[in-house]
Amino acid sequence: MRETASSDELLAWYDRHAREMPWRVSPADRAAGITPDPYRIWLSEVMLQQTTVAAVKEYFVKFTTIWPTVNDLARAQDADVMAAWAGLGYYARARNLLKCARVVASEHNGIFPKTRVGLQALPGIGPYTSAAIASIAYDLPETVLDGNVERVMARLHAVETPLPTAKPELIALAEQHTPQTRAGDYAQAVMDLGATICTPKSPACGICPWRDPCAGRASGIAPELPRKLPKKAKPIRRGFAYVLRNSGGDWLLETRPDKGLLGGMLGWPGSDWSDAPDPAAPVQVEWNEVGAEVRHTFTHFHLILDVFCATSDVPPARGFFVSARDFRPSDLPTVMRKVHDVAKHRFE
DNA sequence: AAAGCGTGGTA
DNA sequence: TTACCAAGCTT
C-alpha cells in the first residue's frame, strides 16, 4: 500500500472511462475548449439529487427540449413544470427548480452566480449542488461530497465512524484530494468511481485506480464501509382514494397543497393517510369499491389505499374536472398513477 | 438537528 | 416480499 492517493491517477482513469451523459462535456471536448452550460449542469444536478443517472436521463432530455434556457424555464407555468417532473420524485425539487430559475432570470440576468456561496443562496441548491455547479460548470476548485464521495473517502482512509457523524471528517479528507485544476473533471471522476467500481456492495477493488493507496482494501473492510447508524422501521398507513368521472368522461382531480408530501402535484381526492383515515369522499354518491388495493412505499412509510370509483354529475365539494383529452396519467405522481391503473377498467 | 420528502432497480 | 440503495435539501 502506498502512502497517498493522487488526483492525477484518478483523472487519468476518468480520461479513459468517463461515461457519456446528456449533460456532460467529455474530457476531450473540455480539453478542446468546450465549456459546460451552467443551466444544464444545474438542471442535471438537481435531478440527480438522491436519484439514479438512469432515471434522470429521459427527464433531462424532456426538460431541455421544452425549456432550452433558464429564461425559458422561468417563464413556464407551475403546473407544466410539475407535470413534467411527475414520476421523478422529491417534488419539492421541482418547486424549488422553478423558484430558482425565476430568481436567476430576474435578479441575475439569466446567469448563474459564479461562486459557491452565491449558488448556495438559491432555492434547492445546498452544499453538494453548489460545489458541483462551481466545479463542473465553472472549473472552480470546490469539493463535492455526495454519497459516492463519502463511500470512496471512507474506504480510502478506512474511516470507521458511522454516518452521519463521520461527515465532517469525510469532507476534510475529500478536500485534501481536490486538485486546483480540473476540479470539475475530478469531481465527476470520484463520483463515477463510486458509481461503477467503488460500489456499495461487492466493490471491484481489483480494477480500482486507487487500489494501492486504499486503506480499506488493505485491511479487508472496504465492502463494509461506510458504516451507518441503523434505520427506523417504516410504519404502515392507510387511506381512501376516489376516482370520479362525470357523464362527459371528465376526471375529477385536485392540486395538492404546496407543502408536504407530493406538494403541488395533481392527485385524486381522498382521505388523510394514517392508522384510521377519515373516508372524506369528495361527493355523496354511490361509490364502487375497486377491490384491488394500491400499495406504495414512500421514504418513511408504507401506504395501502382503498380505491373507490363512480360516475356522477353531482357537483363535488372539491377538485376540478379535466377532460379525457387533456388527462395524461403520466402527469400524476406514481402513487396516483397506480390508483388510476386499478380504477380505469371500471369506466370501460 | 432530526425528520420529512419519491421512486425504481436490485439482491 | 422486504430491505436497501441513489450525484441531498429544507425546516
Side-chain angles (χ1 to χ4, degrees), chain A residues 18-19 21-24 40-60 82 85-97 99-100 119-137 142-152 163-165 167-168 171 174 184 186-196 198-203 223 226 228-237 256-265 267 273 295-304 330 332-338:
Chain A
R19 296 183 293 166
M21 297 176 197
W23 50 85
R24 182 173 274 184
R40 293 165 64 88
I41 298 304
W42 162 72
L43 179 62
S44 68
E45 290 301 341
V46 172
M47 288 182 166
L48 286 163
Q49 290 167 6
Q50 298 287 281
T51 308
T52 58
V53 169
V56 164
K57 280 182 178 170
E58 118 188 42
Y59 286 86
F60 179 83
M82 300 314 287
W85 196 276
L88 197 55
Y90 284 133
Y91 298 101
R93 293 184 296 172
R95 302 193 300 274
N96 286 329
L97 188 83
K99 279 188 205 164
C100 182
L119 288 162
Q120 206 167 318
L122 295 167
I125 300 184
Y128 164 77
T129 306
S130 63
I133 297 171
S135 61
I136 298 170
E142 299 288 357
T143 300
V144 299
L145 189 78
D146 73 328
N148 289 303
V149 183
E150 286 177 350
R151 187 169 57 254
V152 170
L163 285 167
T165 310
K167 200 153 180 171
I171 291 174
Y186 171 77
Q188 294 175 92
V190 188
M191 294 191 283
D192 271 18
L193 186 74
T196 62
C198 196
T199 51
K201 299 169 212 167
S202 312
K228 295 184 179 180
L229 266 21
K231 301 183 176 172
K232 290 178 186 167
K234 294 182 200 305
I236 297 174
R237 297 186 192 168
R256 298 173 61 85
D258 239 13
K259 304 225 175 244
L261 193 64
L262 309 181
M265 298 300 290
W273 297 341
R295 291 170 177 272
H296 190 76
T297 299
F298 293 99
T299 309
H300 54 295
F301 65 94
H302 301 287
L303 178 66
I304 302 174
S330 62
L332 302 176
T334 298
V335 64
M336 298 298 175
R337 189 176 46 70
K338 287 183 182 177

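Labels below follow one simple rule: chain letters A, B, ... track the order of the sequence lines, proteins then strands, and each chain is numbered from 1.
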S.K.: Strictly below 4.0 Å: does Lys232(A) bring a side-chain N or O up to OP1 or OP2 of dA3(B)?
M.R.: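 Yes, within the criterion.
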S.K.: From CE of Met265(A) over to P of dT7(B), roughly how many Å is that when rounded to an integer?
M.R.: 8 Å
S.K.: Which whole-number value in Å describes the distance from Ile125(A) CD1 to dC9(C) P?
M.R.: 9 Å
S.K.: Closer to the 5' end of DNA chain B via nearest nucleotide, is it Thr52(A) or His300(A)?
M.R.: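 The residue closer to the strand's 5' end, by nearest nucleotide, is His300(A).
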S.K.: Respond yes when some side-chain nitrogen or oxygen of Tyr91(A) is under 4.0 Å from OP1 or OP2 of dT7(B), and no when none is.
M.R.: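 For Tyr91(A), the contact criterion (side-chain N or O under 4.0 Å from OP1 or OP2 of dT7(B)) is met.
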S.K.: So what does Met336(A) touch, heavy atoms closer than 4.0 Å: a base, only the sugar-phosphate, or nothing?
M.R.: nothing
S.K.: Quick one: Lys234(A) NZ to dC5(B) C1', roughly how many Å, whole number?
M.R.: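 About 11 Å, once rounded to whole Å.
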S.K.: Assign each of Met21(A) and Gln120(A) to its nearest nucleotide of DNA chain C by heavy atoms, then name whichever residue's nucleotide is nearer the 5' end.
M.R.: Met21(A)
S.K.: State which of dC9(C), dA6(C), dG8(B) makes the closest approach to the side chain of Arg337(A).
M.R.: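 That would be dG8(B).
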S.K.: Taking CG from Leu163(A) and P from dA2(B), how many angstroms apart are they, rounded to a whole number?
M.R.: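 Rounded to whole Å, this separation is 14 Å.
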S.K.: Looking at dG6(B), does its base get a donor-acceptor pair with the side chain of Tyr90(A) below 3.5 Å?
M.R.: yes
S.K.: For Arg151(A), report the nucleic acid contact type (base, sugar-phosphate, nothing); a contact means any heavy atom under 4.0 Å.
M.R.: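 The residue Arg151(A) makes sugar-phosphate contact but no base contact.
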S.K.: I want to verify a distance call: between dG4(B), dC5(C), dG6(B), whose nearest atom is closest to the Lys231(A) side chain?
M.R.: dC5(C)
S.K.: Please report, rounded to the nearest Å, how far the P atom of dG4(B) is from the CG atom of Asn96(A).
M.R.: 19 Å
S.K.: By nearest atom, which of the nucleotides dC5(B), dT7(B), dC9(C) is closest to the Thr129(A) side chain?
M.R.: dC9(C)
S.K.: Compute whether any side-chain donor of one residue and acceptor of the other, for Glu45(A) and Tyr128(A), lie under 3.5 angstrom apart.
M.R.: yes
S.K.: Take atom NE2 of His302(A) and atom P of dG6(B), then tell me their distance rounded to the nearest Å.
M.R.: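 Distance check: His302(A) NE2 to dG6(B) P gives 16 Å.
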S.K.: Mind calculating the distance between NZ (Lys201(A)) and P (dT10(B)) to the nearest angstrom?
M.R.: 11 Å
S.K.: Which is true for Thr334(A) with a 4.0 Å heavy-atom rule: it touches a base, it touches only sugar-phosphate, or it touches nothing?
M.R.: sugar-phosphate
S.K.: Any heavy-atom pair between the side chains of Pro200(A) and Arg151(A) that's under 4.5 Å?
M.R.: yes
S.K.: Counting just side-chain N and O atoms, does Gln49(A) come under 4.0 Å of either OP1 or OP2 of dG8(C)?
M.R.: no
S.K.: Please check if any side-chain donor atom of Thr196(A) sits under 3.5 Å from a side-chain acceptor atom of Arg19(A), or the reverse.
M.R.: no
S.K.: If you look at every strand shown and take non-hydrogen atoms under 4.0 Å, does Leu88(A) touch a base, only sugar-phosphate, or nothing?
M.R.: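 If one applies the 4.0 Å heavy-atom cut-off, Leu88(A) turns out to touch a base.
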S.K.: For Ser130(A) and Glu142(A), test the side chains for any donor-to-acceptor distance below 3.5 angstrom and give the result as yes or no.
M.R.: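 Per modelled atom types, Ser130(A) and Glu142(A) side chains form no pair under 3.5 Å.
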S.K.: Below the 4.0 Å mark, does dT10(C) have OP1 or OP2 next to a side-chain nitrogen or oxygen of Arg93(A)?
M.R.: no
S.K.: Under 3.5 Å, is there an N or O donor on one side and an acceptor on the other linking the side chain of Thr299(A) and the base of dG4(B)?
M.R.: no
S.K.: Looking at dG8(C), dA6(C), dT7(B), which one has an atom nearest to any side-chain atom of Pro200(A)?
M.R.: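 Nearest nucleotide to the side chain: dA6(C).
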S.K.: Is a side-chain donor-acceptor pair under 3.5 Å present for Arg24(A) with Gln188(A)?
M.R.: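 Judged by distance alone, the side chains do pair up.
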S.K.: Looking at CG of Leu303(A) and CZ of Arg237(A), how far apart are the two atoms once the value is rounded to the nearest 0.5 Å?
M.R.: 9.0 Å
S.K.: When all nucleic acid strands are considered with a 4.0 Å heavy-atom cut-off, which category describes Gly87(A): base, sugar-phosphate, or nothing?
M.R.: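 If one applies the 4.0 Å heavy-atom cut-off, Gly87(A) turns out to touch the sugar-phosphate alone, with no base involved.
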S.K.: From CZ of Arg256(A) over to C1' of dC5(B), roughly how many Å is that when rounded to an integer?
M.R.: 12 Å
S.K.: On a whole-Å scale, what distance lies between the P atoms belonging to dG6(B) and dT11(C)?
M.R.: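 It comes out at 14 Å once rounded to the nearest Å.
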